[in-house]
Protein chains: 2
Amino acid sequence: MKTKLRTHFEALVPLTDDEFNFVHSHFSSQTAKRSTYLIKEGEPVKYVYFVISGLLKLIYTNESGEESIVSFAMEDWWESDYMAFYSGSKAHLSLQCLEDSVLYRISLEDYQNLCDKSQKMLRFFLQKAQRGHIGSQQRIISFLTLSAKDRYEHLIDRYPALLQRVPKTQLASYLGVSRETLSRLYSSKSYLDRTT
Amino acid sequence: MKTKLRTHFEALVPLTDDEFNFVHSHFSSQTAKRSTYLIKEGEPVKYVYFVISGLLKLIYTNESGEESIVSFAMEDWWESDYMAFYSGSKAHLSLQCLEDSVLYRISLEDYQNLCDKSQKMLRFFLQKAQRGHIGSQQRIISFLTLSAKDRYEHLIDRYPALLQRVPKTQLASYLGVSRETLSRLYSSKSYLDRTT
DNA sequence: CGGGAATAGTGACATAAGTCACAGGTATCA
DNA sequence: TGATACCTGTGACTTATGTCACTATTCCCG
């Protein structure tokens, strides 16, 4: 587990043993059962989480209590309500386990300390943030240019494992369509309809 | 103009005169006429741009040649095809002036040099990337949870000046709806329809 | 193990949005 | 300044998606 974190860092920045141990000392580990909340809307956001194993969903809940999945977070992903985390405000999003999960986490204080003391980690987090931004931008492009069906296929293409691990209802929520519409995209009935 | 850049940096990180001059030496300035392309799909991406004045649009063009507006970039905004810029690959997006614009720009080499030599600027870019990520995530949430009309009102709420500066056709493209649909959202006809 | 909750498919219908076509107005630039 | 391209609204129609309801099946957790 410690190795997994190190490998993850070293994919972007090389670290000596000492450096890694120093970095590692800023993190704590946590396990969480399926359906547990790591972040709850309205509460303070103490940590950014790194997923060692398991699966999380980041969700936005509207005034009517309907949930939309902003993001899934699987192995090797970082997740949090970043806006609330960095600013110290209350969460607008919630982070919930879809599977029993093993996590590393870092507090804002430790994060800032780490960035102050390790130029390498500052660079690491910069690259992560850049990639996060690029990833979100691509998702925006998929909303601008693709149909629900194409967005679904695109998603399954990139993350085939999701289909096994996540109910379709949740995939629909991530894609921004109703579960019924997603269901019908691949029902035999819709194919018959089209040929008439 | 130089002051504008400094003020922008100092909103996040304080700089001495020497520090700022050092930073400034990594940038070059450029002016560009309305409708000029700063980045063209398929070509290398040399720079990240900072908008001193004017207005840009970042666009994605699909196989049929239809454009979608990924982002507007107004005063004090940074913009580029970041994926292509950081990786040195060809642009998947284009960046075009909607108005005559005055810009600063920085090359990848200068950017990396600057980050190596200035911890402060590394922190600056980290914060910019974080905010970029958060902003894109909020746009995703608007696609997941809002109707076209609500997305439009949300946009005008945040950037009222856009309404004066950008034709509705372009706003529609940014919102992911057809120009006709956007037009009808506020036509008297649709209000009449609703009352019947 | 058993029962309640979650998941998934689907029919029937309502609503939102897209597409194509046309016309009048406005901006732009050679 | 005048021709041209762009912008905007709108009618008529098509298509995509949402909503509600019901059922069958599967999955958990106590």
Side-chain angles (χ1 to χ4, degrees), chain A residues 32-36 54-55 57 59 62 64-69 96-101 142-153 156 162-196, chain B residues 32-36 54-55 57 59 62 64-69 96-100 142-154 156 162-196:
Chain A
K33 289 261 172 224
R34 178 194 162 86
S35 89
T36 306
L55 183 61
K57 62 174 177 179
I59 55 190
N62 71 8
S64 318
E66 295 150 26
E67 293 184 354
S68 298
I69 296 186
Q96 189 181 13
C97 297
L98 286 172
E99 301 173 356
D100 294 354
S101 300
S142 80
F143 278 112
L144 290 175
T145 62
L146 301 181
S147 66
K149 185 168 187 173
D150 288 346
R151 290 204 301 281
Y152 177 74
E153 290 178 358
I156 297 307
L162 270 187
L163 205 46
Q164 322 307 324
R165 296 171 77 177
V166 175
K168 297 249 181 73
T169 307
Q170 311 258 0
L171 296 182
S173 168
Y174 178 88
L175 295 170
V177 293
S178 68
R179 58 164 207 87
E180 293 93 336
T181 295
L182 182 60
S183 169
R184 277 189 259 263
L185 290 180
Y186 292 93
S187 71
S188 52
K189 186 58 178 62
S190 71
Y191 283 117
L192 293 175
D193 281 352
R194 256 174 229 167
T195 61
T196 58
Chain B
K33 289 260 169 226
R34 177 195 164 84
S35 89
T36 307
L55 183 61
K57 62 173 177 179
I59 56 190
N62 71 8
S64 319
E66 294 149 25
E67 293 183 355
S68 298
I69 296 186
Q96 188 182 12
C97 298
L98 286 171
E99 301 173 355
D100 294 353
S142 79
F143 279 112
L144 290 174
T145 62
L146 300 181
S147 67
K149 184 168 187 172
D150 288 345
R151 290 206 300 282
Y152 177 75
E153 289 177 358
H154 192 245
I156 297 306
L162 270 188
L163 205 46
Q164 322 308 324
R165 296 171 78 178
V166 175
K168 297 248 179 76
T169 307
Q170 313 259 359
L171 296 182
S173 167
Y174 178 88
L175 295 169
V177 292
S178 69
R179 58 163 205 87
E180 293 94 334
T181 295
L182 182 61
S183 169
R184 278 189 258 264
L185 290 179
Y186 292 93
S187 70
S188 52
K189 186 59 176 64
S190 72
Y191 283 116
L192 292 176
D193 281 353
R194 253 173 232 168
T195 60
T196 59

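Heavy atoms only: backbone and side chains are in, while hydrogens, waters and symmetry mates are out. Keep in mind that this is a model prediction, so the values were computed, not measured. Order of the sequence lines sets the chain letters (A, B, ...), proteins ahead of strands, with each chain counted from 1.
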Ion pair B/Asp100/B/Lys33, N-O distance below 4.0 Å: yes
What protein N or O atoms touch nucleotides 20-25 of chain D N or O atoms at under 3.5 angstrom, if any, and at what distances?
| unit_1 | atom_1 | unit_2 | atom_2 | d |
| --- | --- | --- | --- | --- |
| D/dC20 | N4 | A/Glu180 | OE2 | 3.2 |

Sugar-phosphate only, base, or nothing, as touched by B/Ser183 at under 4.0 Å among non-hydrogen atoms: base
Whole-Å distance separating the NZ atom of A/Lys33 from the P atom of D/dC28: 13 Å
Set of residues satisfying side chain to side chain contact (heavy atoms under 4.5 Å, CB included) with respect to A/Ser183, sequence neighbours excluded: none
Aromatic ring pairing A/Phe143/B/Phe143, orientation class (parallel under 30°, perpendicular over 60°, tilted between): parallel
Closest-nucleotide 5' rank along DNA chain C - winner of B/Val177 and A/Leu182: A/Leu182
Euclidean distance, atom CD of residue B/Glu99 to atom C1' of D/dC6 [Å, nearest integer]: 16 Å
Nucleotides 24-30 of chain C: protein proximity per nucleotide (B base, S sugar-phosphate only, - neither; heavy atom, under 4.0 Å): -------
Spacing between A/Gln164 atom CD and C/dT7 atom P, to the nearest angstrom: 16 Å
In a table with atom names and distances, give each donor-acceptor pair under 3.5 Å that connects a side chain of residues 162-169 of chain B to protein atoms at least two apart or in another chain.
| unit_1 | atom_1 | unit_2 | atom_2 | d |
| --- | --- | --- | --- | --- |
| B/Arg165 | NE | B/Glu99 | OE2 | 2.9 |
| B/Arg165 | NH2 | B/Gly54 | O | 3.0 |
| B/Arg165 | NH2 | B/Glu99 | OE1 | 2.9 |

Main-chain N/O of B/Ile69 paired to B/Ser173 side chain as donor or acceptor, under 3.5 Å: yes
Atom of A/Ala172, atom of A/Arg179 and distance for their closest heavy-atom approach: CB-CA, 3.8 Å
Test side chain to side chain contact (heavy atoms under 4.5 Å, CB included) applied to B/Glu67 - qualifying residues, sequence neighbours left out: B/Tyr37, B/Lys57, B/Ile59, B/Thr61
Shortest non-hydrogen contact between A/Ser178 and A/Thr181, atoms and distance: OG-OG1, 3.0 Å
Gap between atoms OH and C1', on A/Tyr152 and D/dT17 respectively (whole Å): 17 Å
Bend angle of the helix from C/dC1-D/dG30 to C/dA30-D/dT1, from helix axes over five pairs at each end, nearest 10°: 70°
Distance below 4.0 Å between A/Thr181 side-chain N/O and D/dG18 OP1 or OP2: yes
Between P of D/dT17 and CG of B/Leu144, the distance in whole Å: 15 Å
For atom NZ of B/Lys168 and atom C1' of D/dC7, their distance in whole Å: 10 Å
A/Ser178 side-chain N/O to D/dT19 phosphate OP1/OP2 under 4.0 Å: no
Closest non-hydrogen atom pair between A/Leu185 and A/Lys149, with its separation: CD1-CA, 3.6 Å
Spacing of A/Ser187 atom OG and A/Glu180 atom CD [to the nearest 0.5 Å]: 12.0 Å
From A/Leu171 atom CG to A/Arg151 atom CZ, the distance as rounded to the nearest 0.5 Å: 12.5 Å
Rounded distance in Å - CG (B/Leu185) to C1' (C/dG18): 13 Å
Phosphate-side-chain proximity, B/Thr169 and D/dT8, N/O vs OP1/OP2 below 4.0 Å: yes
Check: B/Glu153 and B/Asp150 side chains under 4.5 Å, non-hydrogen atoms: yes
Whole-Å gap separating P (D/dC27) and CD (A/Gln170): 15 Å
